[in-house]
Trainee: 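Before I ask anything, here is the structure I am working with.
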Amino acid sequence: MTEAGTTAGRTQLIAPDDVLERASVVNQALNKVYGQAKGLERGDPGPEETVETAARAQIEVWAMLRDMRRAMRHDLGVSAEV
């Protein structure tokens with residue numbers, strides 16, 4: 001198993017469901033944006049994918065990351081205000 005796989009497994013054992021759910025949403029969104037960027041780079045974008053739609057999707061990921069960070073800080077008992 002890779003070090004990343006080991007770390008992910010440990011995280012799943014100790015992170016609360018709320019954090020895991022948000023992390024999953026972020027992971028899926030990042031994979032989608034990455035796929036859009038690679039398709040555009042190859043000159044083979046998906047249907048209705050443009051630089052603009054990829055940029056909007058990337059901006060949306062930042063909001064998801066903020067939500068995930070807030071949930072993680074809450075779980076740690078650290079101020080949720082960032």
Side-chain angles (χ1 to χ4, degrees):
M1 182 180 293
T2 67
E3 185 176 332
T6 302
T7 301
R10 284 189 203 134
T11 301
Q12 289 177 348
L13 288 174
I14 62 172
D17 289 344
D18 186 42
V19 172
L20 289 175
E21 289 168 13
R22 291 168 195 269
S24 177
V25 168
V26 168
N27 185 50
Q28 291 171 23
L30 286 171
N31 283 330
K32 181 180 176 187
V33 169
Y34 179 77
Q36 289 174 331
K38 293 305 283 184
L40 289 164
E41 181 183 85
R42 287 190 311 268
D44 185 28
E48 300 183 27
E49 286 183 351
T50 65
V51 171
E52 291 79 18
T53 61
R56 277 196 304 271
Q58 185 179 15
I59 290 168
E60 291 171 3
V61 170
W62 286 110
M64 295 174 201
L65 285 166
R66 280 190 297 275
D67 288 344
M68 183 179 73
R69 181 177 182 197
R70 192 174 300 114
M72 292 169 73
R73 291 176 63 85
H74 181 323
D75 178 57
L76 293 171
V78 179
S79 171
E81 299 303 315
V82 190

Trainee: Do the side chains of Met72 and Val26 join up, straight or via other hydrophobic residues, at under 4.5 Å, putting them in one cluster?
Mentor: yes
Trainee: Between Pro45 and Leu40, what is the shortest heavy-atom contact and its length?
Mentor: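 Shortest heavy-atom contact: CB-CD2, 3.7 Å.
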Trainee: Enter the distance from Arg69:CZ to Trp62:CH2 here, rounded to the nearest 0.5 Å.
Mentor: 11.0 Å
Trainee: To the closest 0.5 Å, what do you measure between CD (Gln58) and CG (Leu30)?
Mentor: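 Going from CD on Gln58 over to CG on Leu30, the span is 9.0 Å.
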Trainee: Taking atom CG of Asp18 and atom CG of Asp67, what is their separation to the nearest 0.5 Å?
Mentor: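 So the gap between those two atoms works out to 9.5 Å.
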Trainee: Given 3.5 Å as the limit, does a donor-acceptor pair link the side chain of Asn27 with the main chain of Ala23, or not?
Mentor: no
Trainee: How long is the span from the CZ atom in Arg56 to the CD atom in Gln36, to the nearest 0.5 Å?
Mentor: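 Here the interatomic distance stands at 9.5 Å.
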Trainee: Under a 4.5 Å side-chain heavy-atom rule over Ile, Leu, Val, Met, Phe, Trp and Tyr, are Val61 and Val25 clustered together?
Mentor: yes
Trainee: So how far is it from Ser24 OG to Met64 CE, rounded to the nearest 0.5 Å?
Mentor: 11.0 Å
Trainee: Return the CZ to CG distance between Arg22 and Asp17, rounded to the nearest 0.5 Å.
Mentor: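 Rounded to the nearest 0.5 Å, the CZ-CG separation comes out at 12.0 Å.
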